[in-house]
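Down below is the structure, laid out as structure tokens.
A note on names: the letters A, B, ... follow the listed sequences, proteins ahead of strands, and every chain is numbered from 1.
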There are 2 protein chains.
Amino acid sequence: MSEISPRRRVDDHNEELRAADGRVPGRRGRATRQRLLACTRDMLTSTSYRDVKVIDIAREAGTSPATFYQYFADVEAATLVVAEEMAQHGQHLRVIITEGSWAEGEAMATALDLVDAFLAFWDDHRSVLRVVDLATDEGDGRFQKIRVRLLNDITTALADVVREAQKGHRIPTVIDPMAEAGVLVAMLAHTATHQYGFEFWGIRTAKLRQSMARHVSWGVTGIIPPD
Amino acid sequence: MSEISPRRRVDDHNEELRAADGRVPGRRGRATRQRLLACTRDMLTSTSYRDVKVIDIAREAGTSPATFYQYFADVEAATLVVAEEMAQHGQHLRVIITEGSWAEGEAMATALDLVDAFLAFWDDHRSVLRVVDLATDEGDGRFQKIRVRLLNDITTALADVVREAQKGHRIPTVIDPMAEAGVLVAMLAHTATHQYGFEFWGIRTAKLRQSMARHVSWGVTGIIPPD
DNA sequence: GCCAGAATCTGACGGCGTGTCAGGGATTGT
DNA sequence: ACAATCCCTGACACGCCGTCAGATTCTGGC
């Protein structure tokens, strides 16, 4: 049938994009693709994951289901791209850890910055993050990869701070820096995900923020924060 | 059409069970219902949540889709019952907190017991728990209720320990006991959920266990655990 | 054991979403 | 203006959903 075009140049973005039939999409095609991605993101926030239908995304984007399949194999494939974009935006969290001061008297403030950034980021991307979490947990390697890309930088950055504290003998060496950092990230991620649930049963976010920052600060420096 | 039977006696279980047409199911009916529930549980563990179909559950249970709808409105309704059963089984986690000793020198051991019980419980029920998490996060009140029933007892039990430590001035009173307990439970829950993910990228469960127990122990008693 | 009546199950059907073509518009370069 | 290329969609076969009416199985009284 249709032979693969020998022209494989992509002078456009970073990746080699392909439509279902092997074409390299042009300007109009890429615009449609972006529109579909945006609508996927919207559907994800307004609809239960189980009920996100190709036909709805297409309708919302003012196009037909067949067009959707030109660019994505299924809803999951589109979601994957949306998740990838989100992970890109998460890189700034790392900077807070590496640039901030973890010295005595300043660690708590840095920890609070980190907590705030976490809560804000999770709030902005909650709908995508919950799907990433679910799919990762179900063993989907592609989503797991994204989740790792997002969290690994943060975890290793925190682990570095732990190692520093271990050099100063403020944290026992039996503690594994990566495990310690991972546990802290887990705490941040889960609390951020269920922020609203906590509020719902009477716990104020301000108080959560304080408890979290306290654990982060102590966990990575070994110094008990001042009251 | 069919009037509701005036016989409302239920001398059987705790709840008033009704089939789709208002009947009170007898022995055979209840057995079928249980079979469908078991198969729902199985499908949930072997299939991505999005892809759990009524037709598959029915086939697995050796019956027809129409029979499924006799007992449940949809897959979600059956999942809800499965989740409720799971929450019942989680009550034993509370006992570890209330019965265990949080005295200096013993708190770390109690914390380790709690962590182990958490990891084991989450491992047993991972597939149901991830759906509960997703649905809760999507704003489904029924699943949220179950989640609360499961976690609230644990959280309040931990909060009580925190309050005790505050009386002894080992934890500053600016800390909100429920917030502190909630954060610790979040840490336990999230780490337990993604246990395999951690292993996958080189962090041993034994080390996670240690870091978590350390945070729990310090968080509720204010005492830095011995190395 | 037999039968009426209740309890339970299921075949069949209309409706809707999926995923795939082939073919028809739209856009671009010349 | 006219190809050549790019992009979109109508139409279709398939599969699952959710609901009946009616068939099948069970139960208690005789």
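- For the pair B:Phe68 CZ and C:dG11 P, the interatomic distance rounds to 18 Å; values are reported in whole Å.
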Nucleotide by nucleotide, nucleotides 20-28 of chain D touches protein heavy atoms under 4.0 Å in the pattern (B base, S sugar-phosphate only, - none) B-----SS-

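- Paired with B:Glu199 under the rule salt bridge (charged side-chain N to carboxylate O under 4.0 Å, His left out), one option of B:Arg204, B:Lys207, B:Arg209 passes, and it is B:Arg204.
- With rounding to whole Å, A:Ile57 atom CD1 is found 14 Å from C:dG19 atom C1'.
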Next on the checklist: Quick one, A:Met43 with A:Asp51, criterion side-chain contact (heavy atoms from CB on, under 4.5 Å). Give me CA distance, side-chain angles, the key distance, then yes/no.
Outcome noted: CA-CA 9 Å; A:Met43 293 313 287; A:Asp51 299 329; over 6 Å; no

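- OP1 and OP2 of C:dT8 both lie 4.0 Å or more from every side-chain N or O belonging to B:Thr32.
- Between the CD atom of A:Glu76 and the C1' atom of C:dT18 there is a distance of 15 Å, given to the nearest Å.
- As rounded to whole Å, 17 Å separates atom C1' of D:dC8 from atom CZ of A:Arg33.
- Remark: the backbone N or O of B:Val95 is paired with a side-chain donor or acceptor of B:Thr98 at under 3.5 angstrom.
- Below 30°, between 30° and 60°, or above 60°: for B:Trp218 and B:His215 the angle between ring planes is above 60°, a perpendicular geometry.
- Atoms CZ (B:Arg35) and C1' (C:dT8) sit 11 Å apart, rounded to a whole Å.
- Under a 3.5 Å cut-off, the side chain of B:Thr67 and the backbone N or O of B:Thr63 do not form any donor-acceptor pair.
- Outside the 6.0 Å centre-distance limit, the rings of B:Phe198 and B:His194 are not counted as a close aromatic pair.
- An OP1 or OP2 oxygen of C:dC9 is reached within less than 4.0 angstrom by no side-chain nitrogen or oxygen of B:Thr67.
- Looking at A:Leu150 and A:Val132, their side chains never come closer than 4.5 Å, going by heavy atoms from C-beta outward.
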Pick out the pairs of N or O atoms, protein on one side and nucleotides 15-17 of chain D on the other, that lie under 3.5 Å.
from: D:dC17; atom 1: OP1; to: B:Val54; atom 2: N; distance (Å): 3.1
from: D:dC17; atom 1: OP2; to: B:Ile55; atom 2: N; distance (Å): 3.2

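- Side-chain N or O atoms of A:Glu138 include one that pairs as donor or acceptor with a backbone N or O of B:Tyr49 at under 3.5 Å.
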